[in-house]
Amino acid sequence: MEYNFNVIEKKWQKYWKRENTYKIVVNKNKSKYYVLDMFPYPSGSGLHVGHPLGYIASDIYARYKRLKGFNVLHPMGYDAYGLPSEQYAIQTGQHPYMTTKKNINRYREQLDKLGFCFDWDREIRTCDPKYYKWTQWVFIQMFNSYYCNESKQAQPINRLIKILEKNGTKKLHAACTKEICLTATKWRIKSEKEKQEILMNYRIAYLSDTIVNWCPILKTVLANDEINDGISIRGGYPIERRKMRQWCLRISAYANRLLKGLDKLEWPDSLKEIQRNWIGYSEGVELRFKVQNSNAELIIFTTRPDTIFGVTFIVIAPENELVPLIIANKKQNSVNFYLNLVKNQTEMDRIANKKITGVFTGTYCINPVNREPIPIWISDYVLAEYGTGAIMAVPAHDRRDYAFAKHFNLPIIPILKGIDISQKSFDSRIGILINSDFLNGLTVKEAIQKSKEYIENKKIGNSKTNYRLRDAIFSRQRYWGEPLPIYYKNGIPFSVDEKDLPIKLPKIDKFLPTEAGAPPLKRAKNWTYKGYPLELTTMPGFAGSSAYYLRYEDPNNKKHLVSSKANKYWKNVDLYIGGIEHATGHLIYSRFWNKFLFDLNIIIEDEPFKKVINQGMIQGRSNFVYRIKNTNTFVSYGLKNQYDVIPIHVDVNKVSNDILDIESFKKWNPEYLNAEFILENGKYICGWTTEKMSKSMFNVINPDDIVTRFGADVFRLYEMFLGPFEQSKPWNTKGINGIVRFIRNFWNLFFKKDKFSISNEQPTNEEFKILHKALKKISSDIENFSFNTSISAFMICTNELKTLKCNKYSILNELVIALAPFAPHISEELWHLFGNKTSIFDTKFPEYNEIYLKEDTKKYMISFNGKTRFSLNFPLNTSEDDIKNAVLTHIDSKKWLKNKIPKKIIIIPNKIINIVF
RNA sequence: GCUCGGAUGGUGGAACAGGUAGACACGCAAGACUUAAAAUUUUGUGACCAUUGUGGUCAUGCGGGUUCAAAUCCCGCUCCGAGUACCA
């Protein structure tokens, strides 16, 4: 009987829906397993074949775990806030909610066709007020918390106020924007406004003047992970650096925990490495340099205190607050000129201009170790936001300082023995110190240690750990995002009362910023709370996705983000599947939110995702035709070198197995209607290459088309068979026939002349062996995410059973269950043909049994000098001597070995016998 | 620049811990079936040499090394990919 996937797939999709097969509830008798996909942003163009890759893998794994007896939570939802809907709204006036809703429906339709086992009752959308109520709620908790460096966790801001009232800032171990010194008396006499400003210095969600990435075209601020090379990732617009008052999250306070936490996670090493680099741990010292003829002190951070005798100048960032205090009178003009120059360049200019610029302040400071005066310079190669925004320059041992010194003709003092610095600096940390007084003769490592001790003993500085990780800027001057639950009373920000959440996004007539440049929410009527104005900015894209996994655990809870009962059962995500592009964005922010909620005792795990797997990208496979220059003649791929040709992208849907469908190509574009073709072997062969899947390259494959032609099961199997899950690979419909054949062969095992025909005979040992060998490989491959090889095992097994004409129930029943995670529809159909009345997913995954895999003889490879020649079988417990003798006899019988005498015979039990001549 | 990956037939890729390199699949070639094509099916398929057959030589980016034995471990290089970048 022909396998009619159209009928069968629809039938079972309806059945699963009707029977609520995938509805999951807490069940204390079963262990939980939480499989999560990174939820999609529903874009207007729908899914292409690359999108479902991760969903298929998670679906297979979730079904597998379910069959293994776990209570599997496998939800899905939508990350609904985003720039494209907003841009579309600005252009068309259509409310982004409508666009988003339409896109979500389209996504759902496409996802449903693939037969996933999501529990749709738990669906969430980040733009739903019922959901973003909790995003706002977490923000309020952050606003009302500070980070205590002593207990290493978030604490209520009221606790901080009590400490300030009692001791001032003296014993305050709190993460802060900048160090403040204040006595309790002084704190008490501050005005309410002043007090609130001081608290802002400590809150985890705080308002601050920071240098931000401003995109003048989008009229909004962007985070570091939202830009690349000075250009916004969404839209590709240039970025400027501006100082603005913004809401920020003090993620930097968690830097150390975020770094340490990585060690116990089962994440890909590359992903962990990216996060480690992004957090950027560096250990060094902070040194105080007194400014000559002034009370000012410059604090600089260095990881190389051993180079202190090589310091020949100091450089501070143009934005450094101390700049006005330092400039000598006579240099006022030239410094101002330079500061203006720096201010007016965009981020892109700064990156593009590798030019060395800077200006001398006319002022000197004193090297705290050797008391030498050192000139202070200003240059934009020093960043205001890292360390203290000032560096000690050691041109002999730092590439950038070297370039600067050469450019402005400043002295260069080497402090390591026997190095050549005539062409470039010597940056590596290997060598013996010279020119360095008490450090002379030490290795760099020893010198770092000794200089550190010296600096601390002399009280001219202290040890310090710096992180590269910056606080997250949390304000966006946009409409389509969660409103911040903040209102202003006399200019002082207060958080909205929790019982008044959610603060719903107001209706506005236009989605653009106002003419005066205020954020779009300024357009809203009555945008107030208790009569006071509400915050105008909205939350960034990562807000809604930072704790969404918790909401799936208890999606309809009106009182809590997640009940402790639900959280105690479902805990955190066991397996999280998604792209590596979220390494420095979503995956860091969620870890931070999660740790914060953990500190507040709202949840019981301090990491959100135990195991992460990154799926590879599916690239497009573009096809080309070759047009002979200035003609309408196209030449086949193999002959193109004989002509002067221009390659042209051709729609991959007009090509099959790289052979062009000429008629369909002619109709594609009126220009080609009368085209001529130079063929090879009667065919027009197209060239091909691997590129990103995109409309402009005509290489987009729509999963709907594949499903229509081959069915969802074949599509699922083929995506997994394409190659290793974590590797990027091009889509190529060419090989799909292999899967079609496999499914047909598999199906035919159950049928004889169009009739379902299964025998109840006892299988032979050989048949059992075939089955159990496959089961062993399949289950271990699923556990290792090696889906392609596990499908190979199915193919081998199917072919072997086909050869044996085996249609025995005991064999096929188990095989069908094993296939169910991959091809749920066909398996469910066959399962019901066996006479079962419940879903196949309520049964148990078959265990393999070693008994059937046992061999009575052991195969030994016989190799000469390591090169394998032939193999011999020996009964299991043959002694080494017997084996040796047998081998020697065997060699003797070979004519061509007559004159050779073995020097040594090495026997590796059960494996190999190597004979050395 | 720094960090992390990777390189295996015509193609996608197998090879668990160093032990038969190329599983499985695509493609290709030849045969069967067919008026023909498609589909199906059988056989072959790393390269080279030899051949009635058994066989032999070379092969996992390049050059070395360790080992009885290396795609796998070590050292050096080439190329490709990813992340990050005046982070002091």
Side-chain angles (χ1 to χ4, degrees), chain A residues 224 228-229 268-278 280-282 284 300-304 307 315 317 350-351 353-354 356 379-383 385-394 397-401 403-404 424 427 466-470 580-581 583-584 614 616-617 621 657-658 688 718 721-724 726-742 744 777 780-781 784 786 788-796 799 859-871 894-896 902-908 910-917:
Chain A
N224 281 344
N228 190 16
D229 287 336
D269 288 338
S270 59
L271 179 55
K272 287 197 206 178
E273 197 60 32
I274 292 171
Q275 287 213 345
R276 279 194 195 104
N277 291 339
W278 189 259
Y281 174 87
S282 72
I300 66 98
F301 173 76
T302 181
T303 54
R304 292 288 302 271
T307 60
V315 189
R350 201 178 69 84
I351 291 165
N353 275 336
K354 289 271 173 192
I356 295 158
S379 173
D380 68 347
Y381 86 87
V382 173
L383 301 176
E385 57 291 20
Y386 185 76
T388 59
I391 61 148
M392 60 179 218
V394 186
H397 300 283
D398 182 280
R399 183 171 41 91
R400 296 148 304 173
D401 299 345
F404 195 81
K424 59 176 188 181
D427 291 14
N466 260 336
Y467 295 92
R468 203 188 74 113
L469 186 69
R470 305 281 153 71
I580 195 150
E581 66 273 16
T584 56
N614 300 120
M617 274 227 304
R621 188 179 190 275
N657 291 353
D658 289 336
W688 64 274
Y718 186 55
F721 190 66
L722 219 46
E726 293 172 81
Q727 195 175 295
S728 289
K729 59 241 160 195
W731 174 268
N732 183 359
T733 313
K734 223 174 172 180
I736 203 164
N737 274 338
I739 297 292
V740 173
R741 278 177 204 139
F742 159 65
R744 189 164 42 217
K777 177 120 182 84
S780 80
D781 280 351
N784 296 325
S786 185
N788 53 336
T789 51
S790 128
I791 294 168
S792 295
F794 275 113
M795 291 175 169
I796 295 167
N799 284 338
K859 193 169 169 187
Y860 278 80
M861 298 298 133
I862 315 295
S863 60
F864 299 159
N865 294 332
K867 186 138 192 130
T868 308
R869 297 299 152 143
F870 53 91
S871 65
K894 297 247 171 194
K895 273 184 233 152
W896 45 276
K903 270 190 214 149
K904 205 164 41 165
I905 298 180
I906 295 149
I907 301 177
I908 310 293
N910 300 331
K911 265 193 182 166
I912 200 154
I913 301 157
N914 192 18
I915 299 142
V916 187
F917 291 103

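The analysis underlying the following values was restricted to heavy atoms, covering all of them including side chains, and did not include hydrogens, waters or symmetry mates. Naming: A, B, ... by sequence-line order, numbering from 1 per chain.
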(request) State the dot-bracket string of RNA chain B. Criteria: Watson-Crick or G-U wobble, both atom distances under 3.5 angstrom; notation: ( ) intrastrand, [ ] crossing earlier pairs, | interstrand, . unpaired. (result) (((((((..(((......[....)))((((((.......))))))((((.....))))..(((((..]....))))))))))))....

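Separation of the C1' atoms belonging to B/A29 and B/G63 is 38 Å when rounded to the nearest angstrom. Taking the P atom of each, B/C75 and B/U3 are spaced 14 Å apart, rounded to whole Å. Atom C1' of B/G22 sits at a distance of 11 Å from the matching atom of B/A59, rounded to the whole Å. Nucleotides B/G27 and B/G18 place their C1' atoms 33 Å apart, quoted to the nearest Å.
Within the 3.5 Å criterion, the main-chain N or O of A/Arg399 finds no donor-acceptor partner in the side chain of A/Lys424.
Nucleic acid contact for A/Arg744: sugar-phosphate only, since backbone atoms but no base atoms lie under 4.0 Å from a heavy atom of the residue. A/Asn614 comes within 4.0 angstrom of nothing in the nucleic acid, heavy atoms only. A/Val382 comes within 4.0 angstrom of a base, heavy atoms only. Among the heavy atoms of the strands, none lies under 4.0 Å from A/Lys867.
The 5' end of RNA chain B is approached more closely, in terms of each residue's nearest nucleotide, by A/Ile791 than by the other of A/Thr303 and A/Ile791.
A/Lys272 is linked by a salt bridge (charged side-chain N to carboxylate O under 4.0 Å, His left out) to nothing, counting only residues two or more places apart in sequence or in another chain. Under the salt bridge (charged side-chain N to carboxylate O under 4.0 Å, His left out) criterion, A/Glu581 pairs with no residue at all, not counting sequence neighbours. Residues forming a ring pair (Phe, Tyr, Trp, His ring centres under 6.0 Å) with A/Tyr386 (at least two apart in sequence, or on another chain): none. Looking at residues two or more places apart in sequence or on another chain, you find a side-chain hydrogen bond (donor to acceptor under 3.5 Å, both in side chains) between A/Thr303 and A/Arg429. With sequence neighbours excluded, the residues satisfying salt bridge (charged side-chain N to carboxylate O under 4.0 Å, His left out) with A/Arg276 are A/Asp263, A/Glu273. Remark: A/Phe404 engages A/Phe313, A/Trp377, A/Tyr381, A/Phe408 in a ring pair (Phe, Tyr, Trp, His ring centres under 6.0 Å) (not counting sequence neighbours). Annotation: side-chain hydrogen bond (donor to acceptor under 3.5 Å, both in side chains) contacts of A/Ser786 (sequence neighbours excluded): A/Thr789. Residues passing the side-chain hydrogen bond (donor to acceptor under 3.5 Å, both in side chains) test with A/Ser780: none are found, sequence neighbours excluded. By the side-chain hydrogen bond (donor to acceptor under 3.5 Å, both in side chains) test, A/Asn799 is found to be paired with no residue, residues two or more places apart in sequence or in another chain being considered.
Nucleotide B/A85 holds its C1' atom 13 Å from the CD atom of A/Glu385, rounded to whole Å. Across the protein-nucleic acid pair, A/Arg470 atom CZ and B/U84 atom C1' stand 13 Å apart, rounded to whole Å. Atom CZ in A/Arg468 sits roughly 17 Å away from atom P in B/C2 (whole-Å rounding). For the pair A/Tyr860 OH and B/U20 P, the interatomic distance rounds to 15 Å; values are reported in whole Å.
Because its glycosidic torsion is more than 90° from 0, B/G81 is reported here as anti.
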Identify the pairs formed between an N or O of the protein and an N or O of nucleotides 3-5 of chain B at a distance under 3.5 Å, and give each distance.
residue: B/U3; atom: O2'; partner: A/Glu273; partner atom: OE2; Å: 3.3

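For B/A88, the OP1/OP2 oxygens have a side-chain nitrogen or oxygen of A/Tyr386 closer than 4.0 Å. Contact check, A/Arg741 against B/U40: a side-chain N or O comes under 4.0 Å of OP1 or OP2.
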(request) Using a 4.0 Å heavy-atom cut-off, write out nucleotides 11-19 of chain B from 5' to 3' as B (base contacted by protein), S (sugar-phosphate only) or - (no contact). (result) -BSS----B

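Closest of all the heavy-atom pairs between A/Gly723 and A/Lys729 is O-NZ, 3.9 Å. The shortest heavy-atom contact between A/Thr733 and A/Tyr718 is C-OH, 4.2 Å.
The side chain of A/Val916 lies closest to B/C68 when the candidates are B/C86, B/G27, B/C68. Distance from the side chain of A/Trp278 is smallest to B/A85 among B/A85, B/G1, B/A23.
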